[in-house]
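Order of the sequence lines sets the chain letters (A, B, ...), proteins ahead of strands, with each chain counted from 1. Keep in mind the model is a prediction, meaning the values are calculated, not measured.
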There are 2 protein chains.
Amino acid sequence: MLNTEMAEKLKLLGDKTRLTIMGLLKDKEWCVCDLVDILNMSQPSVSQHLRKLKAQGLVKETKRAQWVYYALDIEKDSYIQTILDALPDTESLLFLLKGEYTPCDCK
Amino acid sequence: MLNTEMAEKLKLLGDKTRLTIMGLLKDKEWCVCDLVDILNMSQPSVSQHLRKLKAQGLVKETKRAQWVYYALDIEKDSYIQTILDALPDTESLLFLLKGEYTPCDCK
DNA sequence: TTATCATATAAGTATATAATTATGTGAGAT
DNA sequence: ATCTCACATAATTATATACTTATATGATAA
């Protein structure tokens with residue numbers, strides 16, 4: 001794979017917030033409002049991180065009702081997947097970030 | 001593995017220069033003067049990149065005569081190794097950077 | 001329609017990072 | 001001892017990045 005392209009993707013993953021988002025998305029898709037709540041960050045900040053991940057083709061979005069859901073968009077056998085495999089699972093991430101987590105009302 | 005620690009390592013790899021260095025080191029150790037020549041960058045700049053890689057335990061250095069050689073310092077089964085596996089091999093990297101390469105006199 | 005909610009985007013600011021220039025260090029050669 | 005050579009470190013500057021505040025959009029609800 002190309003050097004430059006890899007560096008760009010790795011730079012995106014080299015941010016704690018984005019890496020956490022990717023880790024959460026391993027398990028299931030999440031809407032922006034959930035991520036805002038889990039990460040305890042402003043909505044614009046989360047949206048901007050998601051935009052960057054999407055621009056590099058790491059996530060994809062789906063609009064359903066008034067919510068936008070993000071999901072992983074990576075190949076199972078890629079080096080990206082290996083990185084995500086090495087991350088803590090969703091439950092651990094949620095515990096680290098929130099102590100405990102109850103979802104918002106985007107069912 | 002810990003979230004934060006992974007993000008720090010990935011951030012280091014998310015730089016074209018450092019990723020190239022890691023790719024070159026896949027094949028064999030290199031001295032600083034060779035890397036300076038190959039990367040076509042100033043010596044202080046290369047040294048600083050190497051220092052960061054070393055600080056995160058990604059490379060190790062050996063001093064022999066007046067030269068300092070750097071080599072990879074990663075576990076074979078780590079996600080880092082998977083990333084490096086996805087990189088172009090040394091020959092491709094050298095061709096991309098130099099067209100062709102003749103080593104300096106640190107034999 | 002208007003109001004509200006979820007999200008995106010834009011603009012501004014503060015911090016982090018990479019590169020340059022200048023200088024320090026330590027080993028070998030003379 | 002002095003002079004280089006290979007490299008490291010420090011200080012500065014320029015650029016990139018993340019976050020905040022403010023605003024826009026588009027869908028739903030009233």
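The side chain of B:Met41 lies closest to C:dA19 when the candidates are D:dC7, C:dA19, C:dA18. Proximity note for A:Trp67 (side chain, C-beta onward) versus D:dA6, D:dT20, C:dA6: the nearest is C:dA6. Closest contact between the side chain of B:Gln48 and the listed nucleotides D:dC7, C:dA19, C:dT7 involves C:dA19.
What separates CG of B:Asn40 from C1' of C:dT20 is a distance of 15 Å, to the nearest Å. Atom C1' of nucleotide D:dC7 and atom CG of B:Leu35 are separated by 12 Å, given to the nearest angstrom. In this structure, the OH atom of B:Tyr69 is 14 Å from the C1' atom of C:dA27, given to the nearest Å. The separation between A:Glu8 atom CD and D:dA16 atom P is 13 Å, rounded to whole Å. Here D:dC5 presents its C1' atom at 16 Å from CG of B:Asp37, a figure rounded to the nearest Å. To the nearest angstrom, C1' of D:dT17 lies 17 Å from CG of A:Leu10. Between the NZ atom of B:Lys16 and the C1' atom of D:dA16 there is a distance of 17 Å, given to the nearest Å. Rounded to an integer number of Å, the gap from A:Leu12 CG to D:dA16 C1' is 13 Å.
Residue B:Cys33 comes nearest to B:Trp67 through the heavy atom pair SG-CD1, 4.0 Å, listed as atom of the first residue, atom of the second, then distance. Between B:Asn3 and A:Leu19, the shortest heavy-atom contact is O-CD2, 3.6 Å.
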Generate the contact string for nucleotides 22-30 of chain D. Rules: B means base contact, S means sugar-phosphate contact only, - means no protein heavy atom under 4.0 Å.
B-----S--
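Remark: A:Ser42 is in phosphate contact with D:dT20, judged by side-chain N or O atoms under 4.0 Å from OP1 or OP2. Phosphate proximity of D:dT17 to B:Lys11: absent, as no side-chain N or O sits under 4.0 Å from OP1 or OP2. Between B:Tyr70 and D:dA6, a side-chain N or O to OP1/OP2 separation shorter than 4.0 Å is absent. The phosphate of C:dA19 has OP1 or OP2 within less than 4.0 Å of a side-chain N or O from B:His49.
Contacts between residues 51-61 of chain A and DNA chain D, counted as heavy-atom distances below 4.0 Å, involve A:Lys52.
A donor-acceptor contact under 3.5 angstrom links the side chains of B:Asp85 and B:Gln81, judged on distance only.
Put simply, B:Met6 and B:Leu2 are part of two different groups of oily side chains (I, L, V, M, F, W, Y) that touch within less than 4.5 Å, one to the next. Note: the hydrophobic cluster containing B:Leu93 also contains A:Met1 (ILVMFWY, side chain heavy atoms under 4.5 Å, direct or indirect links). The cluster map of Ile, Leu, Val, Met, Phe, Trp and Tyr, joined by side-chain heavy atoms under 4.5 Å apart, puts A:Leu25 and A:Leu96 in different clusters.
A donor-acceptor pair under 3.5 Å is absent between the side-chain atoms of A:Lys9 and the main chain of B:Gly14, judged by distance alone.
In this structure, B:Arg64 reaches neither bases nor backbone, as no heavy-atom distance under 4.0 Å exists between it and the strands shown.
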Without placing hydrogens or testing angles, list every side-chain donor-acceptor pair under 3.5 Å for residues 52-61 of chain A, not counting sequence neighbours.
| residue | atom | partner | partner atom | Å |
| --- | --- | --- | --- | --- |
| A:Lys54 | NZ | A:Glu61 | OE2 | 2.9 |
| A:Gln56 | NE2 | A:Glu8 | OE1 | 2.8 |
| A:Glu61 | OE2 | A:Tyr70 | OH | 3.2 |

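None of B:Leu12, B:Asp15, B:Ile83 except one satisfies the side-chain contact (heavy atoms from CB on, under 4.5 Å) rule with A:Leu10; the exception is B:Ile83.
Open room surrounds NZ on A:Lys76; 12 or fewer heavy atoms of other groups in view lie less than 6.0 Å from it.
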